Amino acid sequence: MEPLPEIKIYPKRPALDARPLDMRIGLIILATDHTSEPDFRRMVASERVGVYVARIPYANPTTPENLRKMQPALTAGAALILPDEKLDAICYSCTSASVVIGDAEIEAAIQVAKPGVPVVTPPMAGVRGLRALGANKLSILTPYTVETSRPMATYFAARGFEIVSFTCLGFEDDREMARIAPATLVDLAREATGATADALFVSCTALRSALALTGMEKAIGRPVVTSNQATAWNCLRLCGDEAPHPEFGRLMTLPLVQ
């Protein structure tokens, strides 16, 4: 074996950029989530925008009781995302848990670890997206049971939307929800959209609905807002990214108006 060369320290410290990437978006997802990371990589991440992920404990079935159990883990999950560094936005990627726990409670829990960072939840982003589209009358499609869907109906009705139809698929396991084919979601959107609805909201971050957005909008002839599309749009706009992405639906061409 040849003798090793002397290891030398470079005499000058290289200059450092302010950040590796210009913008930082935190993403808190369920331990069982198959879809949020691929969707955010597809719709959000770029050479300018970084997406940084933490997973928190979750156990099926998807019931209001089990969803509520995630609340205590939100602070610890947020703290694991680039500790002691500022984020430009942070998203808790669970629609059904957000309506059960409450947007304000989620924001408070996350801001214990990340004070002052804008917090986004899927139903909150969904409301903002539907308003940006000028929708008042909604059809809603969820993969959940009736028990888990009921708080979703209450959430949107409480924010002034008229729900003209509500369809749920009866699934209890988010890992199975993620296995529903995008082409099937197009067919389901057609069946679930009421004649008088201005738009369709497709709930659940587990669904691969981002891959079906243009197909769903073409099938129903109206805008479609989905959980991951809405949070991606909301987070990008909070970062000052206004670039249109019509391949992910009409919403992704619009500005955020708060």
Side-chain angles (χ1 to χ4, degrees), residues 29-39 56-71 92-103 121-127 129-130 135 137-159 161-197 199-213 215-217 219-220 222-231 249:
I29 67 176
L30 282 57
T32 52
D33 187 326
H34 283 271
T35 310
S36 294
E37 280 180 285
D39 273 358
I56 61 173
Y58 174 70
N60 282 292
T62 302
T63 63
E65 180 183 8
N66 281 349
L67 293 165
R68 195 173 287 111
K69 289 178 181 177
M70 282 188 280
Q71 184 174 354
Y92 171 48
S93 192
C94 187
T95 322
S96 51
S98 295
V99 301
V100 170
I101 297 169
D103 291 331
T121 73
M124 173 199 301
V127 167
L130 290 162
K137 298 181 178 182
L138 300 184
S139 286
I140 298 177
L141 172 64
T142 83
Y144 320 128
T145 62
V146 171
E147 177 192 21
T148 303
S149 295
R150 192 171 291 114
M152 190 73 58
T154 301
Y155 181 97
F156 282 92
R159 284 152 182 79
F161 294 99
E162 179 184 343
I163 302 173
V164 300
S165 65
F166 196 120
T167 304
C168 65
L169 304 179
F171 283 84
E172 293 186 324
D173 191 317
D174 70 314
R175 296 165 298 184
E176 292 183 342
M177 299 173 197
R179 290 163 55 191
I180 301 172
T184 301
L185 292 174
V186 173
D187 295 334
L188 289 166
R190 187 182 293 109
E191 295 294 327
T193 305
T196 61
L200 172 67
F201 178 69
V202 182
S203 178
C204 191
T205 59
L207 293 178
R208 290 176 289 158
S209 49
L211 299 173
L213 270 159
M216 289 191 289
E217 290 192 332
I220 70 172
R222 279 157 282 182
V224 175
V225 174
T226 76
S227 292
N228 288 347
Q229 171 220 37
T231 55

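For reference, positions follow the sequence shown, starting with 1. As the structure is a computational prediction, the values presented were derived from the model and not from experiment.
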Show me the pairs that pass salt bridge (charged side-chain N to carboxylate O under 4.0 Å, His left out) and involve residues 179-189, at least two apart or across chains.
Asp187-Arg190
Would you say the side-chain atoms of Thr121 and Asp103 include a donor-acceptor pair closer than 3.5 Å?
yes
Which atom names give the shortest non-hydrogen contact between Pro182 and Leu211, and what distance separates them?
CG-CB, 3.9 Å
Minimal heavy-atom distance between Thr167 and Ala192, with the atoms involved, is OG1-CB, 3.7 Å
With Arg159 as the cation and Phe161 as the aromatic partner, state whether NZ or CZ is under 6.0 Å from the six-membered ring centre and within 45° of the axis.
no
CG (Leu169) and OG1 (Thr145) are apart, to the nearest 0.5 Å, by 11.0 Å
Between the side chain of Arg208 and the main-chain N/O of Ala178, is any donor-acceptor distance below 3.5 Å?
yes
Taking the six-membered ring for Trp and the single ring otherwise, decide whether the centroids of Phe201 and Phe156 are under 6.0 Å apart.
yes
Write out all pairs satisfying salt bridge (charged side-chain N to carboxylate O under 4.0 Å, His left out) with one or both partners inside residues 168-177, taking only residues at least two apart or from two chains.
Asp173-Arg175
Taking the side chain as every heavy atom from C-beta outward, state whether Tyr144 and Ser203 have any atom pair closer than 4.5 Å.
yes
For Thr95 and Ser227, which I'm curious about, is there any donor-acceptor pair between the side chains at under 3.5 Å?
yes
Examine the side chains of Tyr92 and Thr231 and answer whether a donor and an acceptor come within less than 3.5 Å of each other.
no
Does any N or O in the side chain of Gln229 come within less than 3.5 Å of the main-chain N or O of Thr226, such that one atom is a donor and the other an acceptor?
yes
Would you check if Ile220 and Leu200 make a side-chain contact, meaning some heavy-atom pair closer than 4.5 Å?
yes
Pairwise side-chain contact, Glu162 with Val164, heavy-atom cut-off 4.5 Å (strictly under)
yes
Can you name the closest pair of heavy atoms from Ser96 and Thr148 and give their distance?
CB-CG2, 4.0 Å
Check step by step if side-chain contact (heavy atoms from CB on, under 4.5 Å) holds for Tyr58 and Leu67.
CA-CA 8 Å; Tyr58 174 70; Leu67 293 165; 4.1 Å; yes
Pairwise side-chain contact, Thr35 with Leu207, heavy-atom cut-off 4.5 Å (strictly under)
no
Just how far is it from atom OG of Ser98 to atom CE of Met152, taken to the nearest 0.5 Å?
8.0 Å
A side-chain contact here means heavy atoms from C-beta on lying under 4.5 Å apart; do Asp39 and Thr205 qualify?
no
Does some side-chain heavy atom of Glu65 sit less than 4.5 Å from a side-chain heavy atom of Val100?
no
Indicate whether any N or O donor in one side chain lies under 3.5 Å from an N or O acceptor in the other, for Thr142 and Ser149.
yes
Establish, from distance only, whether the side-chain atoms of Asn60 and Thr62 form a donor-acceptor pair under 3.5 Å.
yes
Between Pro64 and Glu147, is any pair of side-chain heavy atoms under 4.5 Å apart?
yes
Looking at OG of Ser209 and CG of Leu185, how far apart are the two atoms once the value is rounded to the nearest 0.5 Å?
6.5 Å
What are the two closest non-hydrogen atoms of Pro143 and Met177, and how far apart are they?
CG-SD, 3.5 Å
Between CZ on residue Arg150 and SG on residue Cys168, distance to nearest 0.5 Å:
9.0 Å
Does the side chain of Asp33 pick up a donor-acceptor pair with the side chain of Ser36 at under 3.5 Å?
yes
Heavy-atom closest contact (Leu30 atom, Cys94 atom, distance):
CD1-CB, 3.6 Å
Do the non-hydrogen side-chain atoms of Asn228 and Ser93 ever get within less than 4.5 Å of each other?
yes
Considering all heavy atoms, the nearest Met70-Pro57 contact
CG-O, 3.5 Å
